Amino acid sequence: MLILWISYGRGDAAMDLMAARERMVLDQLERRGISDRRVLAAMRAVARDRFLPPEFAEHAYDDGPLPIGSAQTISQPYMVALICEAAALAGSERVLEIGTGSGYQTAVLARLCARVYSIETIAGLHQRARAILAGQNIANVELRLGDGSEGWLDQAPFDAIVVTAAMPGIPRPLLDQLAPAGRLVAPIGEDELQTLVRIGQRAGAWHEDYFGECRFVKMTGKHGFRD
Ligand code: SAH
């Protein structure tokens, strides 16, 4: 009897999280204009609760960032979806992610492209993300510990570079690591407020598109913010 009760209890919690995830996709993503069917499917498939410290798991589908330790945050679901949509991925791309953090966006990207290369500068978060991603059998991801503001030269060029920490400007080394039709999506601006920018080449000239205001934690490292 007791065993039955426990298994029912667990099932309910899992069902609640699945229902909350579905609501998140409808209310936070579709209603705000995310329309790429592949991005919506990836956001439906990846369990954000697995990337959170256990005490925050029940808030996994809330509409905002949450703490993941080391004074860093997991991004708001909408921001993850917006960055992925802006990156315009069809499935065959090699993508560089700068700022692995929890690994949540890494897992979403892994469903949208061929291979993800993700760099994190904080050792504890890098190891934590590695363990979580391995536990979910996500095989097309390579993680590295280091300063991502300089990119990942050995693996360049990339079809897309996505940056999940705020940068004061667009570092030239990152643009140099883009494939000819590549695009970089990044929050660019002040330390408290940024604009989500996509930059890529069109007809031989750099072209920028803007996706609204956002607020990310600061990028550190060579091309990050100096404190
Ligand atoms: N998309 C991640 C966001 C994590 S927050 C998620 O949803 O979990 C941004 C991350 O960028 C932090 O983990 C921070 O440590 C990392 N970061 C900051 N500066 C960096 C740098 N120069 N190189 C690599 N990672 C960096």
Side-chain angles (χ1 to χ4, degrees), residues 21 24 28-29 39 42-43 46-53 56-57 59-87 95-113 116-133 136 138 141-153 155 158 160-174 177 184-189 191-192 194 196 214-227:
R21 187 154 88 226
M24 174 275 281
Q28 299 172 34
L29 308 186
V39 171
M43 296 293 292
V46 179
R48 191 174 183 248
D49 46 280
R50 307 254 175 91
F51 295 84
L52 283 164
F56 292 115
H59 297 291
Y61 302 103
D62 289 4
D63 189 13
L66 287 166
I68 53 170
S70 308
Q72 304 301 318
T73 54
I74 186 172
S75 305
Q76 178 194 30
Y78 175 69
M79 272 301 148
V80 172
L82 189 62
I83 289 176
C84 289
E85 187 166 75
V95 176
L96 171 65
E97 178 190 43
I98 304 174
T100 315
S102 66
Y104 173 58
Q105 175 137 18
T106 320
V108 174
L109 286 167
R111 291 186 160 261
L112 294 172
C113 69
V116 187
Y117 300 84
S118 184
I119 309 186
E120 170 59 51
T121 191
I122 299 177
L125 291 178
H126 163 76
Q127 281 151 10
R128 180 181 177 277
R130 185 183 292 290
I132 295 173
L133 290 166
Q136 299 195 40
I138 298 173
V141 166
E142 279 192 43
L143 301 180
R144 181 175 150 182
L145 178 64
D147 176 12
S149 75
E150 296 194 87
W152 189 331
L153 202 51
Q155 294 293 350
F158 299 100
I161 298 178
V162 303
V163 184
T164 74
M167 291 195 298
I170 300 171
R172 185 71 222 190
L174 294 188
Q177 291 176 35
L184 177 143
V185 182
I188 306 291
D191 57 354
E192 289 295 322
Q194 306 95 38
L196 190 68
C214 53
R215 203 176 155 183
F216 280 81
V217 296
K218 286 192 276 185
M219 166 89 63
T220 59
K222 186 167 175 193
H223 300 285
F225 285 91
R226 305 241 168 260
D227 278 322

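All ligand and atom numbering here is 1-based and tracks the order in the structure. Since this is a predicted model, take the numbers as computed values, not measurements.
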* Asked: What's the spacing between His59 NE2 and Asp49 CG if we round to 0.5 Å?
  -> 12.5 Å
* To do: Would you check if Arg111 and Cys84 make a side-chain contact, meaning some heavy-atom pair closer than 4.5 Å?
  => no
* So do the side chains of Thr220 and Phe225 get within less than 4.5 Å of each other, counting heavy atoms only? -> no
* Structure fact -> salt bridge (charged side-chain N to carboxylate O under 4.0 Å, His left out) filter on Arg144, not counting sequence neighbours, yields none
* Please report the shortest heavy-atom distance between Pro173 and His223, naming the atom on each side. => CG-NE2, 3.6 Å
* Going by heavy atoms in the side chains, are Val80 and Met43 under 4.5 Å from each other? -> yes
* Asked: What residues sit with at least one heavy atom under 4.0 Å from ligand 1?
  -> Gln72, Thr73, Ile74, Ser75, Gly99, Thr100, Gly101, Ser102, Gln105, Ile119, Glu120, Thr121, Ile122, Leu125, Gly146, Asp147, Gly148, Ser149, Thr164, Ala165, Val217, Lys218, Met219, Thr220
